[in-house]
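Take a look at the structure below.
All chains are named by letter (A, B, ...) in the order of the sequence lines, taking the proteins before the strands, and each is independently numbered beginning at 1.
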Number of protein chains: 6
Amino acid sequence: MIPLGSTEQHGRHAPLGTDSLLAIALAEDASERTGVLIAPPIWYGWSPHHMVAPGTVSVRPEVLIELLYDAIRSLSRHGFRKFVLINGHRLANLPWIQIASERAQRELKVSIFIFDPLYMSLDLRKKVDFGPFGHGDDMETSHLMHKFPELVRMEEAKDYVPERVVYADPLEPKDTLCYIPSTEERMMEIKESTGDTIIGTPSRSDPDKGKLYHEHLVGRLVELLQSIR
Amino acid sequence: MIPLGSTEQHGRHAPLGTDSLLAIALAEDASERTGVLIAPPIWYGWSPHHMVAPGTVSVRPEVLIELLYDAIRSLSRHGFRKFVLINGHRLANLPWIQIASERAQRELKVSIFIFDPLYMSLDLRKKVDFGPFGHGDDMETSHLMHKFPELVRMEEAKDYVPERVVYADPLEPKDTLCYIPSTEERMMEIKESTGDTIIGTPSRSDPDKGKLYHEHLVGRLVELLQSIR
Amino acid sequence: MIPLGSTEQHGRHAPLGTDSLLAIALAEDASERTGVLIAPPIWYGWSPHHMVAPGTVSVRPEVLIELLYDAIRSLSRHGFRKFVLINGHRLANLPWIQIASERAQRELKVSIFIFDPLYMSLDLRKKVDFGPFGHGDDMETSHLMHKFPELVRMEEAKDYVPERVVYADPLEPKDTLCYIPSTEERMMEIKESTGDTIIGTPSRSDPDKGKLYHEHLVGRLVELLQSIR
Amino acid sequence: MIPLGSTEQHGRHAPLGTDSLLAIALAEDASERTGVLIAPPIWYGWSPHHMVAPGTVSVRPEVLIELLYDAIRSLSRHGFRKFVLINGHRLANLPWIQIASERAQRELKVSIFIFDPLYMSLDLRKKVDFGPFGHGDDMETSHLMHKFPELVRMEEAKDYVPERVVYADPLEPKDTLCYIPSTEERMMEIKESTGDTIIGTPSRSDPDKGKLYHEHLVGRLVELLQSIR
Amino acid sequence: MIPLGSTEQHGRHAPLGTDSLLAIALAEDASERTGVLIAPPIWYGWSPHHMVAPGTVSVRPEVLIELLYDAIRSLSRHGFRKFVLINGHRLANLPWIQIASERAQRELKVSIFIFDPLYMSLDLRKKVDFGPFGHGDDMETSHLMHKFPELVRMEEAKDYVPERVVYADPLEPKDTLCYIPSTEERMMEIKESTGDTIIGTPSRSDPDKGKLYHEHLVGRLVELLQSIR
Amino acid sequence: MIPLGSTEQHGRHAPLGTDSLLAIALAEDASERTGVLIAPPIWYGWSPHHMVAPGTVSVRPEVLIELLYDAIRSLSRHGFRKFVLINGHRLANLPWIQIASERAQRELKVSIFIFDPLYMSLDLRKKVDFGPFGHGDDMETSHLMHKFPELVRMEEAKDYVPERVVYADPLEPKDTLCYIPSTEERMMEIKESTGDTIIGTPSRSDPDKGKLYHEHLVGRLVELLQSIR
């Protein structure tokens, strides 16, 4: 398993390392149950749209493709043949992970699986009442409250739900444009009108929902790891 | 509008240029109704998984990112500020289009919209009885039968539906891994067991369904073009 | 055969796609006589000097080298061993085509032939009375009048012959500097003093000369294709 | 501060993450005394010579240059103007750090300081009796015993001191060739003749020496941080 | 002036540095008459086709483009605005020089002139009886005999004139394919059948013809330098 | 042997080509005693910090890595297996030489030795009274006075010794930060306060010291060449 995250603002209520910390937490708990090894994480991701908020680090996707490819190439030299990439940064990291993964599968004859919490919790979302997904939303925040409660400041959590999400929502299949990371201009508008850079309803976060979410994901991850052994 | 396609085998029953031809057809019909200009198409896409079948051309996504970026950059020099990219190649072209689009939006201060027939026909699929989406499936083939009947040889159409689709199906939201273009090894297995490289049920294709599909998409595209004027 | 063109202003009297359209026309007519296959065209070329006029798209030569290389590499995977590149964009496309071709010949063990209408019509120019070659000149315009008469607006054709051509004229071998695509500053001077961006005497164009030219080129191309079978 | 390390075998007695862990430990202890912020670490470094031993990940230096540059560029966007790079991987990471740092200083107008434990402990080495520096040597191992005792297995520690170090030893200035990361062939010879990939005398490690070393380095780092405020 | 050459076999009778030495000699003699400064030469060029013969160094054209661009960029920083590139390596160096020159003119607002002895001696060749141009031919060899007689071993000179030159001969304008550096396979055939890698008739070389040639070129170069002051 | 230098200001008293000339001189004298061949030099190096003074050419290290790699790759094709790189540009060229050398050793299975006059004269400096090393210092200037006396103008030599050298001095091992090429801002300060860009005491230069230095280095180089035969 290789945890892939980001260093990116997640509103005033959640830490910069949210995406990386949660990916690491999933990998660690699944490792404990299966013994599968974890490679060191990549803490920086592709976050051009979040550069409006202090602390965000955005690395060009072209660079991240090469970085991940070299990590997989090195490990494949030592005999590892199956990799599960745990993506804590959801939609915005996927394009470069897909490109690196395809090259690695083709050139190195390894098998790669991209495990993304958003896409691996669609079943759960039918059962648990999460608000709309976005950024620093109640799904992420609940997850943090369960695993890293000391890093959450709920009193700072601000909700913001845009009138419409312009790109594909995996939960609700309807005609849609495809995702492009937002522009800084658009993020600045949100920041100026809401005082923060959040999309979603973090105020509805709850450590119990976070626990259900985490256990669901770890369960799925363990299933995956066992099935590909 | 910039039509983006691929040059890629689509089974014995459909032409190599399927993805490009259909993207061009959508752009042309929407242009007729709106007067919006169309830039010359990019005929080559990212198709590493289809190299098992003769005629496929696959360009590295790193190259396609730069090519599309330069096209948009040049046109933005002449005053164009809004671009609709018509992607005829569905999931496999999206990662590089997303990366190029983000860079273009950030550096050139243009607005970009990615119009993908798959994601723009989810509403229709609730009403029209299409089989599972895949490659050379009944949705694509019906579309071809409506717009390019002389290029389809239905007598060659072979169906193949894998037991499970391993990656995100936009129609049916359930827990899923994320998409990576398939390996040649996997495609070769399909080819050896089915005699073709099709995923889906092209035998169920029908020009009337194709017409509904085309009209739905052109309608959506026209709506989009009018809304961003 | 792979047609390589450009999307580039050709004066008020000729279409943006002139170079691509004419390369495609040559390939198609030679294909009809020989059965040799044509790959989809590359519509965008290297046109930095024409960015002064609306509609021109210029792709960096570094990108075009990789694009063409990938197209040839893909096709060589399917067994194609001989490629004829039809260059509709004359001098300005040659450097990157040469670099891509050399790499392809060396690494892929294929044979490549660069067929350029300018260099393949030197014999004809001794017999047919064409004016000086340039851009949007009577040779190109006559060719268009023969093959795409509906795309030419002769009433807009403006002549401009600079006092001296500073780079190698293949028709008249004399001491000369080597070609560098012109600067935008230089093109802007032409545009400002002549009202257009033409070099040559398009007013002298004539569909009959265009027919002679086209037939000459198709004949040469057919000869080449037959000789390398 | 940005900690830069490696994921690289350090013999049977020390963890793969040695270089990264020690860089992070220095940064954290200096941060505690000064309040200076720490960016997330880069866990992967340039380790081509250690690919002979399982677990090592080596990223091309060209990629690491871009990664570090993007991290600094992002942070400089938020107003950070002074960066201290803590290099836990000694000589082998320096070339790419130097190249990235120069570019960042020149283009971003930031100030960068490369803090390398090897070069920042030369004064101490005159006072404390460390063996020859190498890889997994008593300096690194003592440091680990002080900060991460649970990760050291002293019973596995094997000594190996080559007859001559062929490249610059900062402690003993004498005529010397310059450093190039060793070849795998050379490392394999060491591995085959000694049963491990260590250079130095880890058997002489001692947590008290490790403590002196750590305190010396943290002291130097705090001095540096205070002097550049 | 920047002399651009190659390090490339020139048959048994002429030195590896032929192209570089002659470019330097032209620059030096023109500098003496005009006072125009000369930048240090680039000794390595693009010579993939000559790798069959010992001593040849071939640098990728992509690298040479960046090298030349950086040299021009640096000098433009110091106020130089006009550059004459003396290309001693004829056709094979032109593509990358053209690409670098265009970029430099566009981005740095400098003026660049490519002075190539082959294209700048077309007038002279009407008057002086040189054999066909090729590689290590009587034009190059005569030039060497005039300027570097100690480096020529005429007793080793072997003639070889291929039945037809397949690419554009600037002296004789007729229908022709465009130049691609030859393949090693083709060069090996020449080497095996003639015992050397020469194209042309070096046996007809003569220091007097070399002197006429050199003086002609220096005269043209001086004219150019004076005209662009 | 491949001489690697720079084209870089060396104060008013020494030539732009100092680093290249001295590297070539060392190679030539060692070649004379051993018969070892010398490849043509690379005259341009990495000199971003010296762009403040007219004449300096700085090439990006990424480009120099590829250039040197291609030179070594070409020569390795002809059977050369051992390379001694003579670096006349000291600290600033080392990072890119190290990166290129490692890649060449790994991919081409050649052996590379980096011979740097600074690191190869540490023994001598204990015996001969040189001032602090820097740029255009008495070591370099004495060397020039011995080998190229006509290029030195001692009456222009200006001394400048900064209070502290902030980076590793190989002669005096003490706690130190690692080297990053200086910024132009810093160099401009030196230039403005001292009227030149020199660091060191060139006024103390002496051709006899230069001779001792040169002979020492040639001796070391000959020893190296003989030991690796």
- Message: So which atom in F:Trp43 and which in E:Pro41 form the shortest heavy-atom distance, rounded to 0.1 Å?
- Response: CD1-O, 3.8 Å
- Query: How far does CD1 of F:Ile42 sit from OH of E:Tyr44, to the nearest 0.5 angstrom?
  - Reply: 5.5 Å
- Query: Which one, E:Ser20, E:Pro54, E:Ala53, E:Ser47, leads in non-hydrogen pairs under 4.5 Å with chain F?
  - Reply: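 Of E:Ser20, E:Pro54, E:Ala53, E:Ser47, E:Pro54 has the most heavy-atom pairs under 4.5 Å with chain F.
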- Message: Does any backbone or side-chain atom of F:Ala39 lie under 4.5 Å from a heavy atom of chain E? Answer side chain, backbone, both or neither.
- Response: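 Both backbone and side chain.
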- Message: Within the supplied structure, the quantity of interest is the number of heavy atoms (other residues, nucleotides, ligands) at a distance under 6.0 Å from E:Lys211 NZ; does it exceed 12?
- Response: no
- Item | Atom CD of E:Glu32: over 12 foreign heavy atoms under 6.0 Å |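 Open: at most 12 neighbouring heavy atoms sit under 6.0 Å from CD of E:Glu32.
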- Where along residues 56-79 of chain F does a heavy atom come under 4.5 Å of chain E, listed by residue number? F:Thr56, F:Val57, F:Ser58, F:Val59, F:Arg60, F:Val63, F:Glu66, F:Leu67, F:Tyr69, F:Asp70, F:Ala71, F:Arg73, F:Ser74, F:Leu75, F:Arg77, F:His78
